[in-house]
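Values in this document were obtained by computation on a predicted structure and should not be read as measured data. For this chain, numbers begin at 1 and follow the sequence in order.
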Amino acid sequence: MPRVDELLDVLLAGGRRSDRLTHVEHLPARTGTQGDWPAWADPALVAGYRSMGVERPWLHQVEAADAAWSGKHTVLATSTGSGKSLAFWLPALTGVRSDRAGQIFNPGRIESARDRGSVLYLSPTKALAADQLNAVSGLLRASGARDVQVDTCDGDTPFAARKWIQDHADVVLTNPDYLHFSLLANHARWARFLRSLRYVIVDEGHAFRGVFGAHVSLVLRRLQRLAVHYAPAGPPGTGPGTGTGPGGRLGPTFVVASATTADPAASAARLIGVGPDEVVAVTEDFSPAGRKTFVLWEPPELPPVPGSAGFTRLAGRAAVAALTDDPWSVGPAGSGGSGLDELGLVDDADPVDTGGPGGPRPRRSATAEAADLLADLTVHGARTLAFTRSRRGAESVASTTADHLRAVDPALGRAVAAYRGGYLPEERRALEGAVRSGAIRALATTNALELGVDISGLDAVLIIGWPGTRVSLWQQAGRAGRAGADGLVAFIAREDPLDTYLVHNPAAIFAAPIEATVFDPTNPYVLTGHLCAAAAELPLRVEDLPLFGGDGARVLLDQLTERGTLRRRSSGWYWTHHQPAAGFTNIRGDGGTPVSVVESATGRLLGTVDGSSADGSVHAGAVYVHQGESFVVESYDLVGSVALVTRKDVGYGTWSRDITSIAVIEEKQRADWGAPPEGETRSPVEWGLGTVEVSSQVVSFQRRRMPAQEILGTEALDLPVRTLRTAAVWWTVSAEVLEAAGVQADAVPGALHAAEHASIGLLPLLATCDRWDLGGVSTDVHIDTERATVFVYDALAGGAGFAERGFHLAEQWLRATREAIARCACTDGCPGCVQSPKCGNGNHPLDKAAAVRVLDALLAHAPSS
């Protein structure tokens with residue numbers, strides 16, 4: 001295994017790349033502290049762990065296992081590779097085996113031999129559930145405990161297998177989607193399992209944030225309600241994994257395993273629907289950790305193109321109306337589009353124009369830079385993971401790295417691969433096994449390998465672009481040097497304001513606290529569907545309402561009753577339709593039904609595209625890239641959500657054009673900065689928080705020859721207007737303030753647009769979100785505010801709390817935005833400060849200097865000033 005200092009020298013190429021290194025952070029090693037096996041632990045399981053090399057558990061494992069065994073809801077929030085799974089499997093499996101033997105639970109609780117205790121394991125992905133199945137099966141084999149039936153059950157499980165699992169399984173591993181759409185909706189078939197449910201294990205709990213976290217929280221509350229409904233009444237504390245639910249009925253104990261987050265007890269309590277004082281939080285990590293060397297890396301500027309006055313990259317998808325930064329118009333990274341990132345031209349996003357003579361040249365893409373570094377590390381014997389922002393990015397890094405390696409040794413080209421969603425399960429399992437065995441030494445992956453799949457023994461990790469949160473950053477970094485070994489981590493900045501800010505401000509990474517997990521289960525856009533689903537499962541009763549938000553839930557139930565969706569009776573609220581209510585709620589987001597991309601000649605499913613980005617990426621005539629092959633969309637069925645494509649090698653890419661507008665529906669909160677001038681009624685600067693409606697429509701697309709980017713033609717499209725009602729924060733500024741700041745009327749659009757871009761790039765520092773969770777609109781005069789206005793909105797229906805966070809930290813947010821723009825060394829604005837990788841207007845107009853003057857003027861009126 002190469003030493004870390006040797007690997008760092010490989011990155012620096014003997015000093016030739018030293019100008020790219022902006023910071024080195026040395027994280028010290030940590031010794032481990034062990035505890036004794038609990039007296040209650042099943043001896044066979046303890047023997048099984050010992051045979052697998054776990055002679056004694058770490059102290060945090062013992063503390064969490066003891067809490068769970070005693071029936072207390074527990075959250076274990078420690079670092080990657082700290083052995084969280086032992087802490088939940090030891091009490092859960094001990095409980096199942098003791099229950100079956102009749103050693104612990106009172107006979108009144110067990111109605112028959114089939115009513116032995118059961119365990120439900122929940123993870124964000126199928127891959128993680130499959131990984132845990134292998135781990136638990138291995139433990140049971142090593143323990144000789146063949147009396148415990150364990151299996152996964154999800155949408156891929158055949159009906160006959162599901163029936164066997166419903167009747168016989170002690171431990172079921174699944175995901176929130178299956179729990180929502182199938183298990184809860186068909187709870188009568190799962191009565192045996194729910195009646196004896198002792199533990200609910202929620203793995204990677206930090207992944208349940210934003211709107212998705214709100215959905216999962218409500219799914220878990222519905223699960224708890226059904227488990228309590230089926231459980232027989234009995235005295236509390238009659239055995240491990242039992243607590244007291246409503247009406248004195250016994251309910252399951254929840255165990256949440258999470259990465260290190262801020263206030264894990266509060267997050268876990270909100271997730272499962274109990275008070276923070278009802279959750280035991282175990283946060284001190286007693287596992288050993290090796291020394292980590294963490295470097296921040298900025299790719300170099302590209303040389304100018306000969307014969308060109310400047311270096312120009314093609315413009316991104318351009319809107320023809322409002323100045324927008326809209327995730328709908330561009331789509332999340334990797335959602336489809338041109339596929340230029342596979343050529344190493346862009347960083348998983350639409351490229352941008354960097355300006356003319358005298359302006360800064362664009363930097364080399366982080367994707368191309370990472371491929372070079374990954375190849376060098378592999379040649380020198382390192383085993384490395386490279387985390388990318390998208391599926392396409394993973395394919396691009398892997399293929400480019402393989403090309404580099406084949407030039408050195410043809411055999412080395414086979415030692416690198418990509419890992420991403422969309423692969424068949426058997427392909428993913430084979431890749432995971434190949435990494436563990438060392439057959440694959442370099443793996444380019446999406447965040448699919450961030451979430452707990454057991455990949456250990458790695459020397460280095462490359463993180464290509466900010467992953468969205470510090471939680472994710474440290475989860476990815478934790479893959480390097482697992483099991484107490486030293487490791488190297490490199491964060492490679494993309495051309496993005498946030499990435500650039502971070503590599504030049506290391507304290508924002510290493511000195512800043514870990515984010516809290518932010519989600520709001522009372523969001524009416526989320527809660528409404530789950531109230532319907534709960535009523536369809538069992539009539540909702542008044543005593544159930546505290547579990548779903550209390551008075552707010554009652555208001556929504558009354559509205560649903562008035563619309564005829566639910567029917568109110570003295571015994572509760574009833575679902576009035578024949579269709580399953582769960583089918584009306586997409587817990588992965590409200591971006592619409594995913595569009596299937598199907599090869600017309602063979603019927604082969606190539607993949608899916610998010611409904612929110614499908615109009616711009618799989619419209620008729622669009623070029624769709626899959627595993628390095630190009631396809632042209634023949635037809636796009638809006639009703640059936642299917643795009644038929646034909647394999648075709650074309651020399652062009654496609655870019656869609658859209659128009660976007662925003663309307664204020666309701667202002668819920670307001671803040672005034674500065675006193676109104678004499679004779680005026682409005683403050684110089686106003687902040688608003690409320691409900692807005694964003695309307696977007698894809699109206700045309702261009703074909704551009706590659707790589708010269710010559711425009712070959714433009715075609716109109718007839719696609720519907722898409723609307724999103726969500727939460728937004730906005731600020732307005734008077735014409736007098738702008739004039740005093742030296743921002744003339746013709747410069748206002750560029751100044752506001754630049755400030756909007758930078759503020760969207762910096763809000764993730766204050767809120768648990770990624771910039772793809774946000775959208776923005778700027779205008780010199782908005783019809784609702786009657787002033788120059790910048791909007792930043794949550795790109796999810798109903799909002800997710802990000803805009804609200806920006807409103808309450810307005811001054812801190814604007815100061816960070818101003819600093820990021822002003823400190824950038826460019827002259828006229830660049831991707832490192834005011835250009836956005838997802839701008840709907842091709843990053844035009846932008847006025848960096850005027851943006852700084854506007855922000856200075858705003859901050860001069862801030863409360864602290």
State, yes or no, whether a side-chain contact exists between [X] and [Y] at a heavy-atom distance under 4.5 Å.
{"X": "Arg20", "Y": "Glu298", "answer": "no"}
{"X": "Trp297", "Y": "Arg17", "answer": "yes"}
{"X": "Thr400", "Y": "Leu374", "answer": "no"}
{"X": "Tyr624", "Y": "Ser617", "answer": "no"}
{"X": "Phe387", "Y": "Val461", "answer": "yes"}
{"X": "Leu296", "Y": "Leu502", "answer": "no"}
{"X": "Asp459", "Y": "Thr384", "answer": "no"}
{"X": "Lys848", "Y": "Ile821", "answer": "yes"}

Quiz prompt | Pair Val777-Tyr793, side chain to side chain contact (heavy atoms under 4.5 Å, CB included): steps then yes or no | solution = CA-CA 8 Å; Val777 174; Tyr793 61 85; 4.3 Å; yes
Heavy-atom closest contact ([X] atom, [Y] atom, distance):
{"X": "Ser18", "Y": "Leu12", "value": "CA-CD2, 3.9 Å"}
{"X": "Cys833", "Y": "Ala758", "value": "O-CB, 3.6 Å"}
{"X": "Pro299", "Y": "Ala366", "value": "CG-CA, 4.2 Å"}
{"X": "Val854", "Y": "Ala751", "value": "CG2-CB, 3.9 Å"}
{"X": "Ala418", "Y": "Ala394", "value": "CB-O, 3.7 Å"}
{"X": "Ala370", "Y": "Ile464", "value": "CB-CD1, 3.3 Å"}

Checking the side chain of [X] only, and the main-chain atoms of [Y] only, is there a donor and an acceptor separated by less than 3.5 Å?
{"X": "Thr22", "Y": "Val503", "result": "yes"}
{"X": "Lys292", "Y": "Ala480", "result": "yes"}
{"X": "Asp794", "Y": "Leu796", "result": "no"}
{"X": "Glu495", "Y": "Arg363", "result": "yes"}
{"X": "Arg441", "Y": "Leu377", "result": "no"}
{"X": "Thr80", "Y": "Arg479", "result": "no"}
{"X": "Trp813", "Y": "Leu762", "result": "no"}

Practice problem: Apply the test ring-ring contact (aromatic ring centres under 6.0 Å, His included) to residues Tyr501 and Trp466: give CA-CA distance (whole Å), side-chain angles for both, the deciding distance (0.1 Å), then the verdict. | Solution: CA-CA 11 Å; Tyr501 177 86; Trp466 181 246; over 10 Å; no
Quiz prompt | salt bridge (charged side-chain N to carboxylate O under 4.0 Å, His left out) partners for Arg818, two or more places apart | solution = Asp856
Quiz prompt | salt bridge (charged side-chain N to carboxylate O under 4.0 Å, His left out) partners for Arg823, two or more places apart | solution = none
Self-check item: Qualifying residue, where the test is side chain to side chain contact (heavy atoms under 4.5 Å, CB included) with Ile760 and the options are Thr817, Val792, Asp773
Solution: Val792
Quiz item: Under the criterion side chain to side chain donor-acceptor pair (under 3.5 Å), which of Asp372, Asp376, Thr378 is the partner of His404?
Solution: Asp372
Exercise. List the steps and the verdict of side chain to side chain contact (heavy atoms under 4.5 Å, CB included) for Leu431 and Thr445.
Key: CA-CA 11 Å; Leu431 285 169; Thr445 178; over 6 Å; no
Spacing of [atom1] belonging to [X] relative to [atom2] belonging to [Y], to within rounding of 0.5 Å:
{"X": "Phe294", "Y": "Leu473", "atom1": "CZ", "atom2": "CG", "answer": "4.5 Å"}
{"X": "Phe631", "Y": "Leu606", "atom1": "CZ", "atom2": "CG", "answer": "4.5 Å"}
{"X": "His757", "Y": "Gln835", "atom1": "NE2", "atom2": "CD", "answer": "9.0 Å"}
{"X": "Asp5", "Y": "Leu488", "atom1": "CG", "atom2": "CG", "answer": "10.0 Å"}
{"X": "Gln476", "Y": "Ile463", "atom1": "CD", "atom2": "CD1", "answer": "5.0 Å"}
{"X": "Thr293", "Y": "His26", "atom1": "OG1", "atom2": "NE2", "answer": "5.0 Å"}

Quiz item: Who pairs with Ala439 by side-chain contact (heavy atoms from CB on, under 4.5 Å), at least two apart in sequence or on another chain?
Solution: Ala434, Ser437
Practice problem: Dump the intermediate steps for side chain to side chain contact (heavy atoms under 4.5 Å, CB included) on Val379 and Leu412, then the final yes or no. | Solution: CA-CA 8 Å; Val379 167; Leu412 281 177; 4.1 Å; yes
Quiz prompt | Salt-bridge present (Arg389, Asp499; N to O < 4.0 Å) | solution = no
Quiz item: Any salt bridge between Glu369 and Arg364, counting N to O under 4.0 Å?
Solution: yes
Quiz item: With under 30° as parallel and over 60° as perpendicular, where do the rings of His23 and Phe510 fit, or are they tilted in between?
Solution: tilted
Quiz item: Is the number of heavy atoms from other residues, nucleotides or ligands under 6.0 Å of Arg406 CZ greater than 12?
Solution: yes
